[in-house]
Amino acid sequence: VVTPVLVGTFGWLLYSLPVIIRRTVDAVDHQVSSIAAAWTGDLAQVALSAISIVLLAVPLLGIAALFGQLGLRTAQHFNPSLISNRSTRPRPATEGNAMSDPPVPADLTASALSDETVLGHTDEARTSSPWRRAVSHASGGLINPGPTAAERRRAELLARVTAPIKGSRRVVVMSRKGGVGKTTITMGLGSTYSALRGDRVVAVDANPDAGNLAHRVSQPCPRTITDLLDQIDLVSSYADLRDYTAQAPESRLEVLGSNDDPRIGLALDRKAYERVIELLDHYYNLILLDTGTGILDSANQGLLAEADQLIVVLRPALDGARAAALTLDWLSEHDYGELVARAVVVINGVGRRSGVPIERLEDHFARRCAQVVPIPWDRAFEAGARSKLSALAPRTRDALTELAAAVADQFTKQTYTRPSDEKR
């Protein structure tokens, strides 16, 4: 469809070109006469006529450039030597090398075999839109609409999400109020990173009270974080560590589950988590820590001391927002001010009626933290069962990518000094 339309358009343009030129010349002549008549007293009319002449000339210049490019492309198609830049002049003879070989032309080196020179486009110019590809192909690349705005936005987000990092990064996901979807955000963010990055990503269920992160990602591994601590001195390779983690089949996110045995009487303390994180640092680039709700717990304070990045999760409700703000207040009062400034706030479950203006919540936390990211309500998360990225609505996946980009933006900035490093 597109090709006949383009051919017909160019044919009509050729047929109408004499009439267009004649009418344009007459119009320009009229404006010149207006300038001559108003030259002595009406400067506004002179300026208006001059602008009109320029506007009349632009279409003719565009038509001339269009047909000039078409003619050049046609000539190059039938005579490829017109685009060749081969040099036949021999290299001057040098002392001791009278029969020196001529230089290799630039278009015969490996640098000439690029996407743009061979395929006629770069990765940035590609698009999934059928009509845009058809227009580019039908015009021989002369008319290339390029990617859509959504595709450009997606590429920009992907570049931010996949930005390289040095060493490892520890991301703590926290909320002082239960039921806000903290584990859901940990799973969605970790799965997004695992799917888009080539790094090793692990999510640790650091909730001592029946954490279910492992059940949300894949079939749980029989071994838990408690088993890892019991045999941590025997782990000397990534293959050894994989015996203690489950892996999502779709995203490849790994999860180190918590021990939900009802016979356990004591939760893991700060030193236990420090040992686990220190081990994970050797084998993973990104470590996500799904914490419990008690900010005064020894374990949670240890995780905060080891954190590079903080994510605070809240529901779109006033009590959830107040609890999140109190969390930030407590952190600021206990020497975590820099961590708060770098934090990303997630408003989870946006879209259902809450009675609270989301914009006000976003404005409040945006002035205090690095960024606020709303995550829409999604039916796939509502069941609280095992979830996959492919089961989520497109807008939910896009929002998780936005969140991953917002967190990754902090990875590329100046390295944050952990409180635990200062104490050491």
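Side chains included, hydrogens not; waters and symmetry mates left out as well; all remaining heavy atoms used.
- More than 12 heavy atoms of other residues, nucleotides or ligands shown are found within 6.0 angstrom of CZ on Arg153.
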Could you list the donor-acceptor pairs under 3.5 angstrom formed between side-chain atoms of residues 48-58 and any protein atom two or more places apart in sequence or on another chain?
from	atom 1	to	atom 2	distance (Å)
Ser49	OG	Gln31	OE1	3.3
Ser49	OG	Gln45	O	3.0
Ser49	OG	Gln45	NE2	3.1
Ser52	OG	Leu48	O	2.9

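- Ala47 pairs by the side-chain contact (heavy atoms from CB on, under 4.5 Å) definition with nothing, not counting sequence neighbours.
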Pairs under 3.5 angstrom only: tabulate donor-acceptor contacts from the side chains of residues 310-327 to other protein residues two or more places apart or in another chain.
from	atom 1	to	atom 2	distance (Å)
Arg315	NE	Gly179	O	3.4
Thr327	OG1	Ala323	O	2.9

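- With Tyr283 as the aromatic partner, Arg200 does not meet the cation-pi criteria of under 6.0 angstrom to the ring centre and within 45 degrees of the ring axis.
- Other residues, nucleotides and ligands contribute more than 12 heavy atoms inside 6.0 Å of the CZ atom of Arg242.
- In this structure, Tyr336 and Leu304 have side chains that are in contact, with non-hydrogen atoms separated by less than 4.5 Å.
- Residues satisfying the salt bridge (charged side-chain N to carboxylate O under 4.0 Å, His left out) criterion with Asp199, sequence neighbours excluded, are Arg197.
- No donor-acceptor pair under 3.5 Å is formed between the side chain of Asp378 and the backbone N or O of Leu392.
- In this view, Ser218 and Ala246, Pro249 satisfy the side-chain contact (heavy atoms from CB on, under 4.5 Å) rule, not counting sequence neighbours.
- Although no hydrogens or angles enter the test, the distance criterion places no donor-acceptor pair under 3.5 Å between the side chain of Gln410 and the main chain of Val407.
- When atom types are taken as modelled, the side chain of His364 and the backbone of Arg360 share no donor-acceptor pair closer than 3.5 angstrom.
- At least one donor-acceptor pair closer than 3.5 Å links the side chain of Asp240 to the backbone N or O of Ser236.
- Within the 4.5 Å cutoff, side-chain heavy atoms of Tyr284 are placed close to those of Glu254.
- In this view, Ala206 and Tyr273, Leu303 satisfy the side-chain contact (heavy atoms from CB on, under 4.5 Å) rule, not counting sequence neighbours.
- Between Leu288 and Arg169, every side-chain heavy-atom pair lies at or beyond the 4.5 Å cut-off.
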Worked verdict on Asp398 versus Thr401 for side chain to side chain donor-acceptor pair (under 3.5 Å): CA-CA 5 Å; Asp398 291 342; Thr401 305; 5.2 Å; no
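- The backbone N or O of Ala404 lies less than 3.5 Å from a partner atom in the side chain of Tyr193, making a donor-acceptor pair.
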